[in-house]
Amino acid sequence: MAGLKKKRRIQMLAVGLTLLASSAVVMGVAFKDGIEFFRSPTQIMAEMPAPTERFRVGGLVKEGSWVKGEVHRFIITDTANDIQVVYSGIMPDIFDEGQGAVASGNMINGEFIAVEVLAKHDEEYMPTEVIDALKAQGAYVEPTT
Amino acid sequence: MFVELGQYAVILALIIAVLQSIIPMVGAQKGWNNWMAVAVPAAQIQFILLILSFAALTYAFVVSDFSVRLVAANSNTDKPMIFKITGVWANHEGSILLWNLILAMFGALVATFGNNLPPALKARVLSVQAMIGVAFLGFLLFTSNPFLRLENPPLNGNGLNPLLQDLGLAFHPPFLYFGYVGLSMAFSFAIAALIEGKVDAAWARWVRPWTLAAWVSLTIGISYGSWWAYYELGWGGWWFWDPVENSSFMPWLVATALLHSAIVVEKRDTLKAWTVLLAILAFSFSLIGTFLVRSGVLTSVHAFANDPRRGMFVLGILAVAIGGGLTMYALRANTLKSQSVFSTFSRESGLVLNNLLLTVSAVVVFVGTMWPLVIEFATGETISVGPPFFDMAFTPFMVILIMVLPIGSILPWKRGKLGRTMQPLWGVVALSVVLGALVWSLQTGERMIAPIGLTMAAWIILGALADLGNRCRFRKVPMGEFFRRLRNLPGSDWGRVFSHGGLGLIIFGISAVIAWEVEDIRAVQFGEPYDVAGYTFTLNGVEDVRGPNYTAVVGEVVVQEGDETYLMYPEKRNYTVERTPTTEAAIDMGLTRDVYITLGEPQGESGYAVRTYIKPFVNWIWIGTIFMAIGGSFSLFDRRYRIAAPSRKRAPRGAAPAE
Amino acid sequence: MSEEKKKFNYVLLAPPIIFLGLAAMFFFGLQRDNPNELKSELLGRKVPSVNLTDLRSDPAPTDEDFNAPYPKVVNFWASWCGPCRAEAPILERMAEEMNIPIIGINYKDQPDQALAFLEELGDPFIKIGADFNGRNAIEWGLYGVPETFVVDENGIILLRYPGPITNAVLNKRILPLLGMTPEE
């Protein structure tokens, strides 16, 4: 009886460890695609990322730089350096010039081709609960998330 | 005046909680009955005091008493009454008070209805529960006091973000809190069991209903939040793997595992140490979730920007509760002896596998959520872990879980035979594969996710039906007998069938919407029709509309779907005072598809950017969660809990002998 | 049944130890600086040149005021901003009790509402100017309101703090830069 119990415990431990190990492997693979680094325009200028690397750029949308259309063009700036961003899609509600924004995409031929643009609500530091609530729903994204 | 009363009530509740955490525990150690008995009135009085204080705060919001700082900061005289009330917990301080209220309610429920618990166990459980209460009441009073007054009250308050003025969102947090806090009960029982060194079937029978109630509530809360995001935010998305979502999803996964392992303890008197560990972990994840969301340790610093002490205080609670719980577990788990053995191929083993898979998936979510912090800690770089990570790392374990689930749920206890068990399932396997193949042959050159997803969904749903048939010996007995058995089936069986079926529906909805969703973004000129996936849309024009506290641009879209024509009105609102623009999607909901339209920016004088989605079967995701919650409720009202537990007096027929 | 007097099982120590590591990381997470505080490109640089409109009866501050030969605090605020309301008492205290010169920049606001705000919550500013269209804010790299800068006697920006000032921020970050001893 005790022997069987021990055997069962070892089996459980073995299955558990196998699952944990495989989860480590799967996560390792998934991290390759699932991680995006966050870079400021100055960092990008200092070291141009490879065109194949998808990452995020964050900063302010330069006043007067937003050209609307089916393809949007605007400049993200950290006041020291500017990055030209190109995005085809619908802008989030709170996207505007002079506001914070984060774009996710690739740097190709000196332009940032965005796959996704997230606006940061900046007019005011919102109360925690609003941010929580919005974040929970993905409507609000911090610049570094 | 009322407000001060509320404040005193909280202080008094804290004092009582301190007494309640010490006296019954000492009594239980020494075997002094009168000391143990203190727990019951203490828990009840604590609950009453917190009701009082919550009522006082609500009163302050209702009468718009702007001399209360919290009211001034979060309310406004112009707000509709219902939002004044929901405003009570739509802020940090109020939500912590609500948290405490729910915590005390659970304690009071055990105190009041736990007459058949062994007195020592009851005293210890209530004592541990009171310790958690001390921690959170302290947190409330010392860092997040909702009753603070302003010296110079403003004439009117700040208002509330318009996005929060939504009933769906207003009732979302209470469900989550109820779930989080409900898991504290399992934690208290686990700690009490470790102290006593005893876990038996009666213990499990007590832990399971609390966990079930918490689980049902968490399920509803998570699903509600996801649905709200879908219909209110105008993004068309329903799950983002955001840290805030993850922090409610992790306790859900562990609570799901706990529900299943508690069955094993109850029925088979084994797997005890593991179950106790899960009970500790489930509440730990609730606490960590709360910490992650509130401390802003991961992303937002504004969460605690106003008072860094809050972050440290919660971290302190975490360290004592989780660290203490786990250390105690390490010291005492050896005393929990399992009484029975089971074969490699048995229901027990199936449930163990379920547990391991759920726990590992929780670990995956956890690592993904924490990774940005780890990387920053290690390299100083800022990263984000996006949905691709979670999709890739989480899915494999769910797939395995789905494959073994129907088999596990009809396996016999103790020892089973593969051939015998699979007998009622071969048909299900065949049918699911045929369905998948059919889907595969109907679609051309598209991704494999649809056929695979549908096969899995069918496997789960049909498997649940087969489980039902098997349980009532469908076609093995005459139909009349079958129906009689069906009628007499215990709640827990219905619960299993419904929640597993619900999971199948969710998988169906998710696979269908991922595989077949059509998204179309384009600049549309007024009056010019465009086609998306066989539908014809025409944006007739837009109109400026004034709402009570916003201005809006409302578009009129004619949709032609086959022979049917209807109008849809997507909106862009701008809340004037708060300067918050929002998108109100126009959604035509249906069981087979949603048509989802949002307006973008104007394109010249006579056009707009329009985003159109056709989302096949998307609503089945939430219908599935409803099934899950219904299943959980069936189990919760299973008669064996009525016999063992609370309402013996109220349900006399519960006195019938157990099966 | 209990034939074996079990030895202590060291595997069981794993969960508390893992948690300890986690708690340490959380602790680190709480200690680090605001991760969203953009490292302002302006830090260590001269204040940008400004062009502000009068709000009160006295004239709006000019470049001269920002470069005045004493350390000062610059605060961007707006009447529509809730957190500005929250930090108002602290600014008031800085001005009244500590005699810290604070220059206020009213951001994208209505003049009458801005004045009503000061009327209601007190006016801590030695000079105040309005940035109605937010042009100046762009120069300052403003991320939102409230936002507070510490500028030294040479017009160099020493600190940029986004979000409402709290007592902790005042004591730990602002007062030391002004060469004042923190309270307590």
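Just so it is clear: chains get the letters A, B, ... in the order the sequence lines come, proteins before strands, and each one is counted from 1. Note that these values count all heavy atoms, side chains included, but never hydrogens, waters or copies made by symmetry.
Top candidate by heavy-atom pairs under 4.5 Å with chain A, chosen from B/Gln603, B/Glu348, B/Arg522, B/Lys572, is B/Gln603. By number of non-hydrogen pairs under 4.5 angstrom with chain B, the leading residue of A/Val26, A/Val15, A/Leu19, A/Val25 is A/Leu19. Among the candidates B/Phe342, B/Phe389, B/Trp274, B/Phe397, the residue making the largest number of heavy-atom pairs closer than 4.5 Å to chain A is B/Phe389. The most heavy-atom pairs under 4.5 Å with chain A, out of B/Thr270, B/Val367, B/Asn355, B/Val363, come from B/Val367. When the candidates B/Ala393, B/Gly600, B/Pro173 are compared by the number of heavy-atom contacts under 4.5 Å with chain A, B/Ala393 comes out ahead. With chain A as the partner, the residue from B/Val352, B/Thr344, B/Asn246, B/Leu356 showing the most heavy-atom pairs under 4.5 Å is B/Thr344.
Take B/Trp241 and apply the side-chain hydrogen bond (donor to acceptor under 3.5 Å, both in side chains) test, not counting sequence neighbours, and it matches B/Asp391.
Interface remark: B/Phe394 contributes no atoms to any contact with chain A (heavy atom separation under 4.5 Å). Both the backbone and the side chain of B/Leu357 come within contact range of chain A, judged by heavy atoms closer than 4.5 Å. At a 4.5 Å heavy-atom cutoff, the contact between B/Ile521 and chain A is made by side-chain atoms alone. In this structure, the portions of B/Val364 lying under 4.5 Å from any heavy atom of chain A include both its backbone and its side chain. The contact between A/Glu36 and chain B is made by backbone and side chain atoms together, counting heavy-atom distances below 4.5 Å. Heavy atoms closer than 4.5 Å to chain A are found nowhere in B/Leu176, neither backbone nor side chain. For A/Ser88, no part sits under 4.5 Å from any heavy atom of chain B, backbone or side chain. In this structure, chain A has no heavy atom under 4.5 Å from any part of B/Ser247.
The backbone N or O of B/Gly221 lies less than 3.5 Å from a partner atom in the side chain of B/His172, making a donor-acceptor pair. With B/Glu245 contributing its side chain and B/Trp239 its backbone, the two residues share no donor-acceptor pair below 3.5 Å. For the pair B/Thr598 (side chain) and B/Ala585 (backbone), a donor-acceptor distance under 3.5 Å is absent.
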Self-check item: A/Val85/A/Phe74 under side chain to side chain contact (heavy atoms under 4.5 Å, CB included): CA gap, chis, key distance, verdict
Solution: CA-CA 5 Å; A/Val85 182; A/Phe74 57 92; 3.6 Å; yes

Practice problem: List the steps and the verdict of ring pair (Phe, Tyr, Trp, His ring centres under 6.0 Å) for B/Phe249 and B/Phe390. | Solution: CA-CA 12 Å; B/Phe249 191 46; B/Phe390 292 101; 9.5 Å; no

Exercise. Kindly indicate, with the supporting measurements, whether the criterion salt bridge (charged side-chain N to carboxylate O under 4.0 Å, His left out) is fulfilled by A/Arg73 and A/Glu111.
Key: CA-CA 10 Å; A/Arg73 303 177 63 85; A/Glu111 282 187 335; 2.6 Å; yes

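At least one side-chain heavy atom of A/Ser104 sits under 4.5 Å from a side-chain heavy atom of A/Arg56.
Here the closest heavy-atom approach between residue A/Lys68 and residue A/His72 is recorded as CA-ND1, 3.8 Å.
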